[in-house]
Amino acid sequence: MTTATPTTATAPSGGVAARAWAGFRQRYDAEPAGRWAAPGRVNLIGEHTDYNEGFVLPFALPLRTVVAAAPRDDERWTVWSELADEPVEFGPAEADEPGRVTGWAAYVAGVVWALRAAGHRVPGARLAVASDVPVGSGLSSSAAVEAAVLAALVELGGLDLPADRWPRLAQRAENDYVGAPTGIMDQSAVIRGRPGHTLFLDCRTEDVEPIPFDLAAAGLAMLVVDSRAPHRHADGEYAARRASCERAARTLGVPALRDVTVADLDAALARLPDEETRRRVRHVVTEDQRVLDTVALLRAGRVRDIGPLLTASHASMRDDFEITVPEVDTAVEAALAAGAYGARMTGGGFGGCVLALVDADRAPAVADAVTAAYAERGFAAPGTLTALPVGGATRLD
């Protein structure tokens with residue numbers, strides 16, 4: 001959770017870990033017991049399919065949140081963040097009542113709540129949070145905080161909690177304590193990410209399959225463009241899209257839109273009551289198929305060939321799901337005009353980041369083209385980085 005600007009990088013810097021350590025020492029006048037880290041994530045393809053029990057294909061980013069932590073003797077939790085002037089402290093009363101802790105610290109309290117609700121005895125702790133994952137850009141800064149805090153508390157408390165159960169707990173923290181209706185994708189990606197792979201996640205079964213995604217070997221790079229677009233009604237619009245999908249599933253008599261296939265789509269659309277709902281359903285159903293098609297191409301080693309699927313995904317988000325904004329549309333159009341094989345917005349929409357699959361040696365030129373297009377439109381200059389998939393949440397020392 002930071003306002004840091006993305007910069008061109010292909011591996012995590014040591015700076016954020018040092019800042020977490022220094023922040024802990026400064027705020028608590030003591031040494032932490034250790035540092036735990038979790039990355040941000042981008043979703044290669046599969047947007048708004050997660051809460052429809054469909055398929056997604058995220059990978060973990062070389063930007064990370066680091067938590068320095070140490071146990072304390074009582075059952076209380078104190079957390080300091082680079083974003084805040086003062087630490088926030090809370091106890092069981094606040095942790096056990098969703099909504100009592102607000103703002104950035106709610107993500108920490110939510111993890112404590114989720115662990116306690118699952119029957120775990122959570123150790124009191126002092127924590128310091130530093131991050132290179134920019135807030136509000138669609139790179140899952142909140143999930144990175146949740147995962148790093150979860151990793152720290154599990155180890156400090158010696159909790160019997162296998163890592164494959166962490167994503168669901170972190171999602172509960174965000175859904176039920178913070179009140180954000182996210183699916184399971186973000187937490188799965190930042191906890192279970194693997195270097196050089198995307199994660200093919202079935203959001204119904206929660207089965208995860210690492211899919212090779214060796215961009216460097218193919219002479220490619222993934223350019224991530226922070227659109228710097230202010231999120232416009234993002235929370236309410238996200239909830240509205242989810243509610244629309246759930247109503248459509250009830251109308252169609254299926255557990256979730258994942259159960260409607262492309263072959264069934266025309267018949268399903270004919271049963272829906274209005275054009276807006278039909279557009280929403282068309283996006284979800286075709287997006288699930290695009291994820292499956294992308295996985296098939298990656299398994300075959302045809303990385304460049306996923307480009308048109310990325311671009312088709314963006315068009316569907318723009319026209320059918322209506323979640324893009326002029327800044328992200330401009331970034332996609334400029335990247336494609338500069339030679340990207342494909343480009344799309346990633347994240348929940350109404351701002352956030354754009355992915356562009358490019359030849360590695362063309363990444364700076366494509367980034368420059370996007371920046372120039374922004375200047376022509378009078379937008380604030382975008383941020384850029386080139387990203388390779390990294391591993392998930394871990395202890396650093």
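The shown structure was predicted, so the numbers you read here are calculated from the model rather than taken from an experiment. All values below come from the heavy atoms of this structure, side chains included, with hydrogens, waters and symmetry mates left out.
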### Task
Classify the angle between the aromatic ring planes of His48 and Phe321 as parallel (below 30°), tilted (30 to 60°) or perpendicular (above 60°).
tilted
### Task
Determine, using ring centers only, whether Tyr51 and Tyr238 are less than 6.0 Å apart.
yes
### Query
Is Glu327 salt-bridged to Arg377, cutoff N-O under 4.0 Å?
no
### Task
Output the distance between atom OG1 (Thr294) and atom CG (Asp305), rounded to the nearest 0.5 Å.
10.5 Å
#### Entry: Within-4.5 Å side-chain heavy-atom neighbours: Val291 and Val56
no
### Message
With heavy-atom distances below 4.5 Å as the criterion, would you say the side chains of Arg100 and Phe90 are in contact?
### Response
no
### Query
CG/Leu61 to CG/Leu388 distance, rounded to the nearest 0.5 angstrom?
10.0 Å
### Task
Would you indicate whether the side-chain heavy atoms of Val224 and Thr384 approach each other to under 4.5 Å?
no
### Query
Parallel, tilted or perpendicular: which describes the rings of Phe379 and Tyr374, with under 30° parallel and over 60° perpendicular?
perpendicular
### Query
Is the closest side-chain donor-acceptor distance between Trp21 and Glu31 under 3.5 Å?
yes
### Task
Could you tell me whether the side chain of Glu322 reaches within less than 4.5 Å of the side chain of Glu237, counting heavy atoms only?
no
### Message
As a test of understanding, state which of Arg279, Arg290, Glu287 forms a side-chain hydrogen bond (donor to acceptor under 3.5 Å, both in side chains) with Ser316.
### Response
Arg290
### Summary
Interatomic distance, CG@Leu199 vs CG@Leu57, rounded to 0.5 Å, equals 8.0 Å
### Task
Verify whether one side chain among His314 and Asp329 offers a donor that lies under 3.5 Å from an acceptor in the other.
yes
